[in-house]
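Report on the structure given below.
Only a predicted model underlies this, so the values are computations on that prediction, with no experimental measurement involved.
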Amino acid sequence: MVSGSQTNIVDEIKSRCNIVDVIGRVVSLKKAGSNYKGLCPFHNEKTPSFVVSETKQIFKCFGCGESGDVISFVEKYYNLDFKGAAEMLAREYGIDISGSFTDQGNKKELYNINREAAIFFFKSLRAGDNPGLAYMKKRGLSRETLRVFGIGYADENWTSLTDYLTGKGFDHKTLLDLGLVSRSDKGRYYDKFRGRVIFPIINTAGDIIGFGGRIIGEGEPKYLNSQETRIFQKKNNLYGLNLAKNYVNKEDSIILVEGYMDVVSLYQAGIKNVSASLGTALTSNQASLIKRFTRNVVLSYDADNAGQNAADRGLDILYDEGLKASVLKVPEGKDPDEFVKKNGRRAFAQLIADAVPAGDFKINRIKSKYDLSKDQERSACIEEMVQMLAGLKPVDADIYAAKIADDLGVSEAAVKRQLDGIKDGNAQRSQRYRRSEADQPVKDTISQVEKTLLKLIIIDRQYGTFPEGLEEHIFTSAAGAGMYKAVMQIEDKEHTLSADMLSSSIDPEYLGQLDEVMEVVVPAGKERQTYDECMRFIRTVELQRKADDISNQLEMGEGILSDEDSDRLIKELVDIQKKIIG
């Protein structure tokens with residue numbers, strides 16, 4: 001919650017800091033109507049879907065959904081809290097914010113309460129013989145490891161922690177907001193954590209932001225985490241990273257495991273570049289946090305189906321953040337905690353060295369679902385694999401296309417043709433495909449449609465003439481446009497052109513793409529049909545671009561557009577959508 005004094009300073013920051021200038025330092029923005037467009041800095045994309053409104057002083061990404069004002073942009077992009085973002089902007093624009101963030105004192109109080117709770121749990125574990133200490137000894141943890149991680153114990157009594165903290169002057173409501181206590185229907189306060197060993201959750205700045213409790217003996221839930229609070233959001237933090245970060249930097253890699261005990265046991269065994277998500281699937285925010293320390297990630301999740309599914313999803317998150325990931329398989333279905341205790345550090349280090357790259361892991365997972373001795377299932381398996389390739393970067397897709405072809409006994413060309421078909425279909429269906437004239441040429445690589453059209457033109461120059469209104473939308477890559485111009489300038493209009501003839505006319509930098517064009521096969525007698533299909537595809541893409549542009553105007557123009565303009569745009573959008581469907 002922003003206090004009154006903060007409200008005033010926030011208003012001043014927003015009035016002094018032009019959002020276009022602030023975002024323009026880190027994102028290349030281009031004018032698009034009344035707004036600005038660029039590639040979103042919060043997710044990977046090739047086509048701009050990130051829009052900044054100078055009039056409204058807000059941003060919105062139509063791809064990943066991120067939105068907000070200048071302060072929230074700085075918060076997310078530079079991984080700062082509200083106060084840090086406001087201070088950064090204030091410094092840059094010479095705004096005095098002294099005394100404006102009195103609410104930060106409350107935040108410090110919350111950290112202090114958690115620290116007192118951690119001290120209480122820590123001392124309780126060491127107060128003579130107790131179930132918590134016995135359990136941790138049974139799990140093979142040394143006193144030094146318990147000290148390093150600040151592990152404690154919550155006894156079975158209902159109000160031990162509550163009495164301790166209220167005795168220090170902290171009120172019940174704040175303890176309730178922090179998730180340290182609960183309240184009964186009759187209004188009585190009692191400890192949330194009881195009969196559990198306690199793992200303090202500490203951020204990279206060293207603040208205790210929450211707790212995880214593992215039940216001793218039988219009972220549910222097995223693990224109980226602090227609720228989301230002003231100082232604790234699971235999606236933004238990783239357990240143990242406060243200790244691991246220096247080792248992650250040193251090793252230039254991080255091992256991600258599922259649970260607290262996996263982290264603690266591996267750390268005790270000497271594998272110290274280890275961390276874990278907090279009882280939730282890996283998030284893009286956590287991946288972004290990891291990227292501050294390394295780009296190399298090894299996932300070591302449980303070998304059961306749930307664990308492998310989580311690894312599969314986690315690989316996608318990491319890949320989207322530009323991280324290089326692999327998957328470690330622990331033998332005999334054991335978790336990392338069990339394995340390292342039984343086999344030691346060297347054996348686990350060998351598992352890390354043998355970790356399977358992300359692409360291979362995904363391919364193996366797909367293969368396991370099919371009976372490859374049957375042609376029909378082998379075909380379905382290849383189709384699913386190619387769908388997976390469609391989500392990869394071109395170089396990665398090319399590498400794995402060759403692997404799939406070799407592994408399943410089909411030609412690499414067949415795999416790539418199927419991949420090109422999927423990509424073209426995805427482009428046609430995508431509602432995020434947008435391109436303005438100011439952005440041309442949009443793509444660095446030449447599309448399959450462009451390759452096919454160029455091959456048609458090389459066969460017969462009559463196919464170099466396009467329907468009115470589509471001309472400027474045919475070749476959207478520099479390579480495609482350059483080759484088209486060169487081909488049309490060759491005087492011989494009667495014969496199919498040879499690669500030798502073309503190579504002497506085309507810019508040398510496009511010779512690689514020329515080879516790809518010459519490999520395209522156009523069935524004899526179906527040249528006109530192929531041409532018409534290409535035109536339909538391009539027309540649909542252009543209609544979709546117009547529809548998306550109108551949607552953007554309606555979205556970003558809320559509160560700016562007149563009712564008349566809104567009605568006109570909606571009518572245009574409906575007409576275009578009818579054309580797309582029809």
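- Looking only at distances, no side-chain donor or acceptor of Glu572 sits under 3.5 Å from a matching main-chain atom of Ala547.
- Put simply, the side chain of Glu45 gets close to the backbone of Cys40: a donor and an acceptor are under 3.5 Å apart.
- The closest donor-acceptor contact from the side chain of Asp69 to the backbone of Ile58 lies at 3.5 Å or more, if one exists at all.
- No hydrogens or angles considered: a donor-acceptor pair under 3.5 Å links the side chains of Glu450 and Ser477.
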When you look at Phe42 and Phe73, which way does the ring-ring contact (aromatic ring centres under 6.0 Å, His included) test go after all the steps? CA-CA 10 Å; Phe42 305 126; Phe73 176 86; 5.6 Å; yes
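- Between Lys579 and Asp575 there is no salt bridge, since no side-chain nitrogen of the basic residue lies less than 4.0 Å from a carboxylate oxygen of the acidic one.
- At least one donor-acceptor pair under 3.5 Å links the side chain of Lys455 to the backbone N or O of Val520.
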The test is ring-ring contact (aromatic ring centres under 6.0 Å, His included); show your working for Tyr260 and Tyr223 and say whether it passes. CA-CA 10 Å; Tyr260 301 113; Tyr223 281 96; 5.7 Å; yes
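- For the pair Asn242 (side chain) and Asn203 (backbone), a donor-acceptor distance under 3.5 Å is absent.
- At least one donor-acceptor pair under 3.5 Å links the side chain of Gln233 to the backbone N or O of Thr229.
- Looking at His43 and Asp320, their side chains never come closer than 4.5 Å, going by heavy atoms from C-beta outward.
- At most 12 non-hydrogen atoms from other residues, nucleotides or ligands lie less than 6.0 angstrom from CZ of Arg115.
- Of the charged side-chain nitrogens involved, at least one lies within less than 4.0 Å of a carboxylate oxygen, so that Glu92 and Arg25 count as a salt-bridged pair.
- Under the side chain to side chain contact (heavy atoms under 4.5 Å, CB included) criterion, Thr294 pairs with Val248, Asp252, Ile254, Ile290, Asn296, not counting sequence neighbours.
- Under the salt bridge (charged side-chain N to carboxylate O under 4.0 Å, His left out) criterion, Glu228 pairs with no residue, sequence neighbours left out.
- With hydrogens and angles disregarded, no donor-acceptor distance shorter than 3.5 Å links the side chain of Glu258 to the backbone of Tyr301.
- Under the 3.5 Å distance criterion, with hydrogens and angles disregarded, a donor-acceptor pair is assigned to the side chains of Asp360 and Tyr400.
- For Arg568 and Glu564, the salt-bridge test fails: no basic side-chain N is under 4.0 Å from an acidic carboxylate O.
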Assess whether ring-ring contact (aromatic ring centres under 6.0 Å, His included) is satisfied between Tyr484 and Phe466, documenting all intermediate values. CA-CA 12 Å; Tyr484 169 70; Phe466 309 115; 5.5 Å; yes
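- Between Lys416 and Asp398 there is a salt bridge, since a side-chain N of the basic residue sits under 4.0 Å from a carboxylate O of the acidic one.
- To the nearest 0.5 Å, atoms OH (Tyr239) and CG (Asn225) are separated by 11.0 Å.
- In this structure, the side chain of Gln286 engages the main chain of Lys234 through a donor-acceptor pair within 3.5 Å.
- Side chain of Lys245 to main chain of Thr204: a donor-acceptor pair is present (N/O by atom type, distance under 3.5 Å, no hydrogens or angles).
- Considering Val70, Leu29, Asn18 as possible partners of Ile23, the one that fulfils the side-chain contact (heavy atoms from CB on, under 4.5 Å) test is Leu29.
- Counting only distance, with no hydrogens or angles, the side chain of Asn273 and the backbone of Glu251 share no donor-acceptor pair below 3.5 Å.
- Contact detail for Ser72 and Phe59: the closest heavy-atom pair is OG-CE2, 3.8 Å.
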